[in-house]
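First the structure, in the form of structure tokens, and then the observations on it.
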Amino acid sequence: MSTIGQLLVLFVVVTVGGRDFYGILGIQRGASPKEIRSAYRKLAVKWHPDHNKEEGAKEQFQEISQAYEILSDKTKRQRYDAYGEDGLNDNAGGGGGFGDIFERAFGRFGGFRDATRTENQGPDLVIPLKVTLRDLYVGKSFTVHRSKWARQAGGTPRECHCKRSNTIHIQFGGSGIQTMSSGCDECRNLWPKERQHSALFVTIERGMMNGDQIVFEGEADAVGDDVPGNLIFSIVQDDSYPNWQRNGEDLHIHIHITLREALLGFERALVHIDGHHVDLVSNKIIQPEEMVGYPGEGMPIRDTPSERGTLWVTYHVNFPTELTADQRAAIATSFHS
């Protein structure tokens, strides 16, 4: 087959099955998950309607978000690679919307440390980010308005021989971060500094855990003549959901039931962290402190948020504190030892 013929076949394969999601993100079909995230992240920043007021920016952002939703999900990507967009049926938009897609990508904004980091890079700025268990279950994104010291645009370092270092004082509250630098004005090769203000998209990715980090490369303050370090948000889960415990991808909760329910069975609706109901149904005898698992009702799995761990329910049986004579007789009749 001629080269032109091969190109026509390729064109038909791509277009008959729907849009070319790889082309939309500007990546090769064999791109790794990291390359997919990186490509989407750059395009999302460029086309996000909060910052890009050009006509068609919103539609462009939606299209790249749809492409990322498919290619970032292992199962959907395999289906798309095999059958094209038409093979996705109604599942292409089955995620949590464009905001949720944006969260999944930007939760990874700094998930990989720069392997080329040199000793000339300044210190990182690490800030604890307190979140709820619900934030980690459903995901969350917000904007932090950042004010920092940065190298002056077009500036050049001045020559001197002092090597005294600057001191950084951090102020963090609400949705704002501000750092102030003070120290020697004659440090070696000290670049002239200026205040820069920016808005950072901070995303709590579904399935993140205590200690996970959201890293913005080069967003720390410029100190001395070093290249600015990274701004790092470190996830800290609070105790606002005391009845729920997390163990990796699994969730645990304790439920009290009556002796009658333990012996004869029951049907209950448990309100989950995000408000949806989980049907708790038993048609067998439940032993005191028995733990029952409900697969698919645990925490989202971070790399595949469409999948979830197991919800484990520990049942506590409430025994009566006293029995009437008739109840004693009924029990004695029912249970022969």
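When reading the values below, keep in mind they use all heavy atoms of this one structure, side chains included, and skip hydrogens, waters and symmetry mates.
Under the 3.5 Å distance criterion, the side-chain polar atoms of Ser38 are left unmatched by any main-chain donor or acceptor of Lys34. Looking only at distances, no side-chain donor or acceptor of Asp250 sits under 3.5 Å from a matching main-chain atom of Asn247. When atom types are taken as modelled, the side chain of Asp81 and the backbone of Gln78 share no donor-acceptor pair closer than 3.5 angstrom. The backbone N or O of Lys284 sits less than 3.5 Å from a side-chain atom of Ser282, completing a donor-acceptor pair. Within the 3.5 Å criterion, the main-chain N or O of Gly218 finds a donor-acceptor partner in the side chain of Asn230.
With values rounded to the nearest 0.5 angstrom, Phe61 atom CZ is found 11.0 Å from Gln66 atom CD. Put simply, CG on Leu136 and CD1 on Ile273 are 9.0 Å apart, with the number rounded to the nearest 0.5 Å. In this structure, Ile70 CD1 and Tyr22 OH are separated by 10.5 Å, a value rounded to the nearest 0.5 Å. In this structure, Glu205 CD and Asp303 CG are separated by 7.0 Å, a value rounded to the nearest 0.5 Å. In this structure, the separation between OG1 on Thr310 and NE2 on His252 is 9.0 Å, given to the nearest 0.5 Å. We find the CD1-CH2 distance between Ile253 and Trp312 to be 15.0 Å, quoted to the nearest 0.5 Å.
Separation of the Tyr137 and Tyr241 ring centroids does not fall under the 6.0 Å cut-off.
Under the 4.5 Å side-chain heavy-atom criterion for grouping Ile, Leu, Val, Met, Phe, Trp and Tyr, Leu311 is not connected to Met291 through any hydrophobic cluster. Linking ILVMFWY side-chain heavy atoms closer than 4.5 Å, directly or via other members, places Met208 and Ile301 in two distinct hydrophobic clusters. Side-chain heavy atoms closer than 4.5 Å link hydrophobic residues (I, L, V, M, F, W, Y) into clusters, and following such links, possibly through other members, connects Val292 to Trp244. Met209 and Val202 are members of different hydrophobic clusters when ILVMFWY side chains are connected at heavy-atom separations under 4.5 Å.
No hydrogens or angles considered: nothing links the side chains of Ser72 and Arg37 as a donor-acceptor pair under 3.5 Å. With no hydrogens or angles considered, no side-chain donor-acceptor pair links Tyr80 and Asp73 at under 3.5 Å. Between Asp238 and Ser240, the side chains place a donor N or O and an acceptor N or O closer than 3.5 Å (distance only, hydrogens not considered). Arg246 and Gln237 share no side-chain donor-acceptor pair at under 3.5 Å.
Lys74 and Glu307 are not joined by a salt bridge, as no carboxylate oxygen comes within less than 4.0 angstrom of a charged side-chain nitrogen.
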*Decide side-chain contact (heavy atoms from CB on, under 4.5 Å) for Leu129 and Ile235; before the verdict, give the C-alpha distance in whole Å, the side-chain angles of both, and the deciding distance to 0.1 Å.*
CA-CA 5 Å; Leu129 181 60; Ile235 297 295; 4.2 Å; yes
_Criterion side-chain contact (heavy atoms from CB on, under 4.5 Å) on Met299 and Leu133, from CA distance to verdict_ = CA-CA 10 Å; Met299 291 295 296; Leu133 182 60; 4.1 Å; yes
*Can you check side-chain contact (heavy atoms from CB on, under 4.5 Å) on Leu71 and Ile27, steps first, answer last?*
CA-CA 11 Å; Leu71 299 183; Ile27 56 177; 4.2 Å; yes
*Check the pair Asn283, Val281 against side-chain contact (heavy atoms from CB on, under 4.5 Å), reporting the backbone distance first and the verdict last.*
CA-CA 7 Å; Asn283 296 312; Val281 180; 4.3 Å; yes
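Smallest separation of non-hydrogen atoms from Leu263 and Ile285: O-CG1, 3.8 Å. The nearest pair of heavy atoms linking Val236 to Pro128 is CG2-CB, 4.1 Å. Shown here for Pro228 and Ala220, the closest heavy-atom pair between the two residues is CB-O, 3.5 Å. Counting all heavy atoms, side chain and backbone alike, Ile214 lies closest to Phe216 at CG2-CE1, 3.9 Å. The two residues Leu43 and Ile24 make their nearest non-hydrogen contact at CD1-O, 3.6 Å. Glu297 and His272 make their closest contact through O-NE2, 2.7 Å (heavy atoms, listed as atom of the first residue, atom of the second, distance).
Side-chain contact between Phe266 and Ile286: present, with at least one pair of heavy atoms (C-beta onward) separated by less than 4.5 Å. Using a 4.5 Å heavy-atom cutoff, the side chains of Val271 and His277 are in contact. When side chains are defined from C-beta on, Phe201 counts as touching Thr143, because their heavy atoms get closer than 4.5 Å. A heavy-atom distance below 4.5 Å is found between the side chains of Ile204 and Phe142.
The environment of CD in Glu289 is crowded: more than 12 heavy-atom neighbours from other residues, nucleotides or ligands sit within 6.0 Å. At most 12 heavy atoms of other shown residues, nucleotides or ligands fall within 6.0 angstrom of atom CD in Glu267. Sparse packing is recorded around NZ of Lys46, with 12 or fewer heavy atoms of other residues, nucleotides or ligands lying under 6.0 Å away. A 6.0 Å sphere centred on CZ of Arg268 holds more than 12 heavy atoms belonging to other residues, nucleotides or ligands.
In this view, Arg134 satisfies the salt bridge (charged side-chain N to carboxylate O under 4.0 Å, His left out) rule with no residue, not counting sequence neighbours.
With respect to Lys148, the side-chain hydrogen bond (donor to acceptor under 3.5 Å, both in side chains) criterion is satisfied by exactly one of His197, Gln196, Glu219: Glu219.
Tyr68 and Tyr40 have parallel rings, their planes meeting at less than 30° on a 0 to 90° scale where 60° marks the start of perpendicular.
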